[in-house]
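Below is one structure; the comments refer to it alone.
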Amino acid sequence: MNRLIDILAPVEVMESVGDTDKEIVAIQFDSRKVEKGSLFVATCGTQVDGHNFIGSAIEKGAVAIVCEKMPDERKEGIAYIRVADSNEALGRMASAFYGYPSSSMKLVGVTGTNGKTTTATLLYNMFRRAGHKCGLLSTVCNYVEGEAVAATHTTPDQLELNALLARMVEAGCEYAFMEVSSHSVDQRRIAGLDFDGGIFTNLTRDHLDYHLTMDNYLKAKKRFFDDLSAEAFALTNLDDKNGMVMLQNTKAEKLTYSVRSLANYKTKIVENTFDGMSLNINGKDVFVSFIGRFNASNLTAVFGAAVALGMSEEEALLHLSAMRSVNGRFECIAAPSGYKVIVDYAHTPDALTNVINTINDVRCGEGKLITVVGCGGNRDKGKRPIMAQEAVKGSEQVIITSDNPRNEDPQEIIADMVAGLDPVAKKRVITIEDRYQAIKTACLLAQAGDVILVAGKGHEDYQEIKGVKHHFDDHEVVREVMN
C-alpha cells in the first residue's frame, strides 16, 4: 500500500492543501492514463503543459494533484501539493512509489555523445559473465537479467524507469547499467535515483535542436556528475577536452581513463587490425575483438568502472577478451568477393570521423573507402553539411542517402548535406535518396580490398517516414546485395 504522505517524503513541498494521508494506486503524468485513486503530476513538457489537464485528471478519478502552479478552483476531497519543479518531484515520487529500487542495487550511469551504448552494454555483459544478475537500460534494448524489454527512449520516463528498476530488484539483480541522455538529465527523468557511479565518454556536437547551444548541452551532462553522492565514483575520459569539466563540482570519487596520457586507467594500442586489437591496459596485455581508438577508449572505461566496482584487474581483462561488438557498433561483414562492410550507428560528425579514421588506420591505404551516409529529419540541421564534409574528407567515394527523414523531405535533407561541399568534393559524391539502392550501389562499386562504411542507423531496424516506421535493417540489406 502506497500512502501519499510516504510518496511525498523525498519531495520538497512548497504548499499543501487537503488530506495527504490517503492511499495512492498509481502515479500518472498523462491525464489519459489516470484511474480512480491516482496521483496526477502536472509536468511542464516540451510540447504540453500538464496543468491544463488537472480538471480532466480529477474527472477520471485522481485523488491528489502535484503541480507547480496551484489551480484557481480546488475541489473538495482532492489533495493539492505545490512543488518548485514537478518533473523533479515526479522522479523522486516514482522512486518512493516503487520502493526506492535504485538503492537496492549498484546503479551505474553512462553519459556522453558517443559510446554510451557500447560502454553500458559491455558492463552488463561483463558482470553477467562474472556470475552476477544484472539489468541494462540502453538505446538498443532494456534487459531485466536475461529478459529483453523493448526500449523507446535512450532513458525512459520517470515512471517507466523506476518500474523497470523495481523489476530488476525483484529478479534479484545486483547491478544495473544505464545510458543517461542529456535530455533525461535536463528533464529530470533521473531525479531521485541513487547512482553508485557515473561514466563520461565524450562531448561533441549533437542534440542542438533541443539544447540550442553546446554550453547548454555540456551543462546537462555535467549536472549528472554534480548530483552524484560522495559514496559514488565519477569516471571521466581524460582525452576529451570536457572530461575534467565534468568533475569540477562532483562530490564523488574522481577517477580518470585515457588512451593518450597518464590516468587511473591507461590503455596503449599495440596493434590494430580488422580482426581486433592488442591492447596494454594498466601494464597488462590483452587481445580484444574490437577495432579502433574509440573502442579502445570505451573498453578502458568499462575496465575502469569494473575495477571501481570491486572487480580485480585480472578478472576484468579476462572478461574483456571474451566480449564481442555491440549490435550496430562497428560491425564488420565480409563479402565473398573480398571487400568488407562496416555497419555503424555513427550519426554525429565526431562519431563519423572516428569510424572513418579507424577504418583508414587499419586498411593502411590499401583499397578504397566508400561511405554511405545520411542525416535524420527534424533534428539539428547544422550538422548536416559537417557530416558530408567529414565523409568526403576521409573517403574515396561518398554516397549521400536517406536516414530517418521523419517529417522532412529526404531530398531537402540531402541538399543540406551537399551544400557543405565545394565543387571538387562534389565530384566524389553520388546522391541516391533510396537507402536500399544506395547500399546496393556501394556494393556494386566495391572491389576486393575495398571497405564500405554504412553509417547512421546501426542497430535500428526501421526507417521513419512521415510518422510511420517501415522495416529497414542495414545488416539485412548488406547481406542481401553483397556480391
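- Rounded to the nearest 0.5 angstrom, Asn298 CG and Phe330 CZ are separated by 12.5 Å.
- The backbone N or O of Ala220 sits nowhere less than 3.5 Å from a side-chain atom of Ser182 that would complete a donor-acceptor pair.
- Checked by atom type and distance alone, the side chain of Thr119 pairs as donor or acceptor with a backbone atom of Gly115 at under 3.5 Å.
- A side chain to side chain donor-acceptor pair (under 3.5 Å) check over residues 90-105, counting only residues at least two apart or in different chains, returns the pairs Glu88-Arg92, Ser103-Asp194.
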Would you give me the side-chain donor-acceptor pairs under 3.5 Å for residues 304-315, sequence neighbours excluded?
from	atom 1	to	atom 2	distance (Å)
Ser312	OG	Glu315	N	3.1
Glu313	OE1	Lys284	NZ	2.7
Glu313	OE2	Asn282	ND2	3.2
Glu315	OE2	His319	NE2	3.1

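- Put simply, the side chain of Leu39 does not reach to within 4.5 Å of the side chain of Asn2, judged on heavy atoms.
- Using a 30° and 60° split on the angle between ring planes, Phe195 and Phe224 fall in the perpendicular class, above 60°.
- With sequence neighbours excluded, no residue satisfies side-chain hydrogen bond (donor to acceptor under 3.5 Å, both in side chains) with Thr273.
- With hydrogens and angles ignored, the 3.5 Å screen pairs no side-chain donor or acceptor of Ser297 with any backbone N or O of Arg293.
- Under the side-chain hydrogen bond (donor to acceptor under 3.5 Å, both in side chains) criterion, Tyr124 pairs with Arg128, sequence neighbours left out.
- A donor-acceptor contact closer than 3.5 angstrom is absent between the side chains of Arg189 and His183.
- Put simply, the side chain of Thr371 never gets that close to the backbone of Leu453: no donor and acceptor are under 3.5 Å apart.
- Taking 4.5 Å as the limit, every side-chain heavy atom of Thr267 sits out of range of all side-chain heavy atoms of Leu299.
- Side chains of Asn114 and Thr201 form no contact here, defined as non-hydrogen atoms less than 4.5 Å apart.
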### Query
What do the steps show when you test Thr111 against Met246 for side-chain contact (heavy atoms from CB on, under 4.5 Å), and what is the final call?
CA-CA 11 Å; Thr111 197; Met246 297 297 146; 5.8 Å; no

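- Nearest heavy atom pair, residue Leu203 against residue Asp240, reads N-OD2, 3.0 Å.
- Annotation for Gly243 and Phe200: closest pair CA-CE2, 3.7 Å, computed over non-hydrogen atoms.
- Nearest heavy-atom pair, Ser38 versus Glu35, reported as atom, atom and distance to 0.1 Å: OG-O, 2.8 Å.
- Annotation for Tyr143: atom OH does not count as buried by contact number, only 12 or fewer foreign heavy atoms lying within 6.0 Å.
- Looking at heavy atoms from C-beta onward, Leu235 lies out of side-chain contact with Phe225 at the 4.5 angstrom threshold.
- Counting only residues at least two apart or in different chains, side chain to side chain donor-acceptor pair (under 3.5 Å) contacts with residues 162-172 comprise Glu147-Arg167.
- Ring orientation note: the planes of Tyr265 and Phe303 are nearly perpendicular, at an angle over 60° on the 30°/60° scale.
- The closest side-chain heavy-atom distance from Val477 to Arg435 is not below 4.5 Å.
- Side-chain atoms of Asn404 come within 3.5 Å of backbone atoms of Glu464 as a donor-acceptor pair (strictly under, hydrogens ignored).
- Rounding to the nearest 0.5 Å gives a distance of 14.5 Å between OG of Ser289 and CZ of Phe274.
- The closest side-chain donor-acceptor pair between Ser325 and Glu331, if any, does not fall under 3.5 angstrom.
- For the pair Lys221 (side chain) and Asn202 (backbone), a donor-acceptor distance under 3.5 Å is absent.
- Looking only at distances, no side-chain donor or acceptor of Asn264 sits under 3.5 Å from a matching main-chain atom of Leu255.
- Remark: Arg384 engages Glu408, Asp416 in a salt bridge (Lys or Arg N to Asp or Glu O under 4.0 Å) (not counting sequence neighbours).
- Every residue meeting the side-chain hydrogen bond (donor to acceptor under 3.5 Å, both in side chains) condition with Ser258, not counting sequence neighbours, appears here in chain and number order: Asp239, Ser261.
- Listed by chain and residue number, nothing satisfies the salt bridge (Lys or Arg N to Asp or Glu O under 4.0 Å) test with Asp409 (two or more places apart in sequence, or in another chain).
- Partners of Lys440 under the side chain to side chain contact (heavy atoms under 4.5 Å, CB included) rule, at least two apart in sequence or in another chain, are Tyr436, Gln437, Leu444, Val481.
- For Ala296 against Leu279, the heavy-atom pair with the smallest separation is CB-CD2, 4.2 Å.
- With sequence neighbours left out, Asp226 forms a salt bridge (Lys or Arg N to Asp or Glu O under 4.0 Å) with Lys222.
- Between the side chain of Glu145 and the backbone N or O of Cys134, at least one donor-acceptor pair lies under 3.5 Å.
- Residues Met482 and Tyr339 form a side-chain contact, since some pair of their non-hydrogen atoms from C-beta on lies under 4.5 Å apart.
- In this structure, Tyr175 and His132 have perpendicular ring planes: the angle between them is above 60°, well past the 30° mark.
- In this structure Glu253 satisfies the salt bridge (Lys or Arg N to Asp or Glu O under 4.0 Å) test with no other residue, sequence neighbours excluded.
- Proximity of Val454 to His475: side-chain heavy atoms (C-beta onward) are nowhere separated by under 4.5 Å.
- Rounding to the nearest 0.5 angstrom, the gap separating the CD1 atom in Ile370 from the CD1 atom in Ile342 is 13.0 Å.
- For the atom pair Phe127 CZ and Leu136 CG, the distance stands at 13.5 Å (nearest 0.5 Å).
- In this structure, the side chain of Ser229 does not engage the main chain of Lys251 through any donor-acceptor pair within 3.5 Å.
- Side-chain atoms of Leu137 and Glu179, non-hydrogen and from C-beta on, never get closer than 4.5 Å to each other.
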### Query
Can you check side-chain contact (heavy atoms from CB on, under 4.5 Å) on Val288 and Met323, steps first, answer last?
CA-CA 7 Å; Val288 295; Met323 296 287 110; over 6 Å; no

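- At least one donor-acceptor pair closer than 3.5 Å links the side chain of Thr401 to the backbone N or O of Glu433.
- Counting heavy atoms of neighbouring residues, nucleotides and ligands inside a 6.0 Å radius, atom NZ of Lys266 exceeds 12 of them.
- Note that the CD1 atom of Ile269 and the OG atom of Ser278 stand 10.5 Å from one another [nearest 0.5 Å].
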### Message
Does Leu161 form a side-chain contact (heavy atoms from CB on, under 4.5 Å) with Met178? I'd like the steps, not just the answer.
### Response
CA-CA 10 Å; Leu161 181 50; Met178 68 178 285; 3.9 Å; yes

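- The side chain to side chain contact (heavy atoms under 4.5 Å, CB included) test applied to Ser402 returns Pro405, Pro410, Gln463, not counting sequence neighbours.
- Just one of Ile359, Thr358, Asp361 meets the side-chain contact (heavy atoms from CB on, under 4.5 Å) condition when paired with Ile291; it is Thr358.
- The 12-atom threshold is not exceeded at NZ of Lys219, counting heavy atoms of other residues, nucleotides or ligands nearer than 6.0 Å.
- Both the sub-6.0 Å distance and the 45° axial angle are satisfied by Lys457 relative to the ring of Tyr462.
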